[in-house]
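For ligands, and for the atoms within them, numbers begin at 1 and follow the listed sequence. Numbers for residues simply follow the sequence, beginning at 1.
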Amino acid sequence: MESIKLNTENLGRIADSVAIPLYDRSKIKAGIVHVGIGGFHRAHQALYTDQLLHKKGNENWGICGVALLDFDRKIYNTLKEQDGLYTLIVKELDGSLTTTVIGSIVDVLYAPEDPKAVIEKMASPETKIITLTITEGGYNYNEATKQFDFSNPLVQHDLKHPSEPKTIFGYLTQALKLRKERDQKGLALQSCDNVQGNGHILQSMLLSFVEKAEPGLVDWIKKEISFPNSMVDRITPATSSLDVTALKDTMGVDDEWPVVCEPFKQWVIEDDFITGRPAWEDVGAQFVNDVVPYEKMKLALLNAGHSVLGILGALKGYSTIDQAAGDINIARFLGLYMDNEVTPTLGDLEGVDLKKYKHSLIQRFGNIYIKDQIERICSESSAKLPIFLLPTITAQLKTRGNIDFAAFVIAAWAIYSLGLDENGNKIVIKDAISEVLQKRAIEAKENPKTFIEIEGVFGDLKNEALFVESYTTSYYNIKNKGLEACIVDLNSKILNKINE
Ligand code: CS2
């Protein structure tokens with residue numbers, strides 16, 4: 001099949017095979033600046049916004065996408081060349097595909113090339129909301145000190161060279177400073193990352209930075225900027241070259257970087273937008289007064305569930321999440337972990353049917369068409385586990401609840417960090433602190449405790465005797481008996497305990 005390059009000019013010709021934006025994109029103004037235009041943003045917020053732009057009266061709520069890091073050059077170039085357009089391919093549960101060209105990103109900027117343009121855009125009166133997907137690690141929070149990490153060289157750079165920042169904190173500070181100097185209104189800064197209390201964390205990390213960088217701005221920020229918390233959800237694996245080729249061959253659309261995702265999506269947002277917001281509720285988002293319980297549930301069940309499947313699956317030699325979810329012993333392990341270790345920590349979630357939620361997760365993880373990469377899930381575990389899994393351990397320790405499953409996953413992670421699966425095949429570890437992880441993993445062979453002494457990840461968990469004991473026992477068990485036998489043992493141990 002002959003394929004057509006995706007861009008504004010060719011949209012009409014593509015419309016025969018895929019759905020295209022039916023609104024006049026040239027009339028859309030970017031009231032939202034979004035930082036981090038990766039797959040997740042494009043499968044989630046940009047889609048909700050695209051659907052909203054199809055409804056009258058929303059012309060001021062387009063998105064200007066910002067690529068912040070050097071590493072983001074490819075997505076910037078792609079979107080620039082395609083006039084911000086990209087294809088979203090939803091892989092339905094029955095294997096069929098729903099393919100849509102999304103038009104809500106009406107402008108893109110590449111920060112490393114033109115920092116001033118990004119600062120001006122964020123400061124522009126047209127901008128009412130800045131949204132972020134900068135990953136868990138992007139908030140620069142140190143688990144050991146429970147504070148903003150000023151030792152980060154990029155942060156140091158931003159303090160020394162304020163007009164050419166490299167971190168989100170440097171950019172926001174400069175933009176907000178301009179807004180204040182120009183006597184403009186504030187705006188909402190909305191985190192869309194998997195971080196508990198993501199709005200609160202963004203607020204406290206930003207204020208820590210501003211106190212050092214621009215102390216005169218602190219009070220203005222406190223008055224003029226709102227930080228709505230939000231829970232975001234949609235499983236979005238990395239796009240593979242097969243996805244790109246299939247789109248070309250079957251639909252005739254030549255898109256350098258389409259996005260693939262699952263059918264499920266959820267967005268729960270605190271209604272706290274100081275200078276107005278789009279009516280995202282008209283396209284399925286939920287606005288609530290308190291998003292904390294939803295976040296807790298999602299991070300501790302879905303995201304931690306992913307990490308459990310990812311780490312155990314990787315050690316076992318699987319490469320996709322559905323393979324791990326399809327392994328009967330691992331699946332049982334995950335179910336028992338959710339029921340016995342996570343659920344008791346969640347308290348009463350008003351209006352949420354937890355049983356149903358957990359059941360739907362098992363289905364979503366098992367979707368064989370998504371082929372979510374275990375490598376993606378395990379990447380940056382050092383930033384993810386302190387958010388997804390460790391709070392469950394801390395909460396369970398307080399009530400002397402069971403922690404053996406969570407501790408087992410940490411032991412498996414220590415062994416995983418040696419970089420080999422149980423069949424002796426290499427595991428590629430993608431993590432900002434991969435060298436530290438590997439060094440500690442080697443030391444852990446002699447003394448398992450050294451791994452959980454990485455304070456930036458585990459904080460003071462190393463002082464919790466029950467955790468240390470459970471982790472150490474699991475570490476030696478996995479080494480001696482292999483993963484599968486240990487999983488089977490642990491599963492039956494807890495089942496016996498429940499049946500006692
Ligand atoms: C995943 C998330 O990165 C991860 O470890 O758990 O990306 C997950 O797929 C999304 O949060 C789903 O909403």
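Shown in contact with Lys384 at under 4.0 Å from a heavy atom are these atoms of ligand 1, numbered in order with element: 3 (O), 4 (C), 5 (O). Close approach of ligand 1 to Ile377 is summarised as follows: ligand atoms under 4.0 Å from at least one heavy atom of the residue are 1 (C), 4 (C), 5 (O). When each atom of ligand 1 is checked for a heavy atom of Asn194 under 4.0 Å away, the hits are 11 (O). Close approach of ligand 1 to Arg234 is summarised as follows: ligand atoms under 4.0 Å from at least one heavy atom of the residue are 12 (C), 13 (O).
Contacts between Asp233 and ligand 1, counted as non-hydrogen atom pairs separated by less than 4.0 Å, involve both the backbone and the side chain. In Lys298, the part holding a heavy atom less than 4.0 Å from any atom of ligand 1 is the side chain.
The aromatic ring centres of Tyr110 and Tyr76 sit less than 6.0 Å apart.
Protein heavy atom nearest atom 2 (C) of ligand 1, with residue, atom name and distance: Asn303 ND2, 3.4 Å. Closest protein heavy atom to atom 7 (O) of ligand 1: Arg376 NH1, 2.9 Å. Among all non-hydrogen protein atoms, the one lying nearest atom 1 (C) of ligand 1 is His306 ND1, 3.3 Å.
Under 4.0 Å is where a charged nitrogen must lie from a carboxylate oxygen, and between Glu443 and Lys439 at least one such pair does. Remark: Asp327 engages Lys316 in a salt bridge, criterion side-chain N to carboxylate O under 4.0 Å.
Distance check: Arg364 CZ to Asp372 CG gives 10.5 Å after rounding to the nearest 0.5 Å.
Counted by atom type alone, Asn152 and Asn140 present one or more donor-acceptor pairs between their side chains at under 3.5 Å. Residues Ser381 and Tyr416 have side chains that never bring a donor and an acceptor to within less than 3.5 angstrom of each other.
Just one residue in the list Val33, Leu109, Val35 forms a side-chain contact (heavy atoms from CB on, under 4.5 Å) with Val118, and that residue is Leu109.
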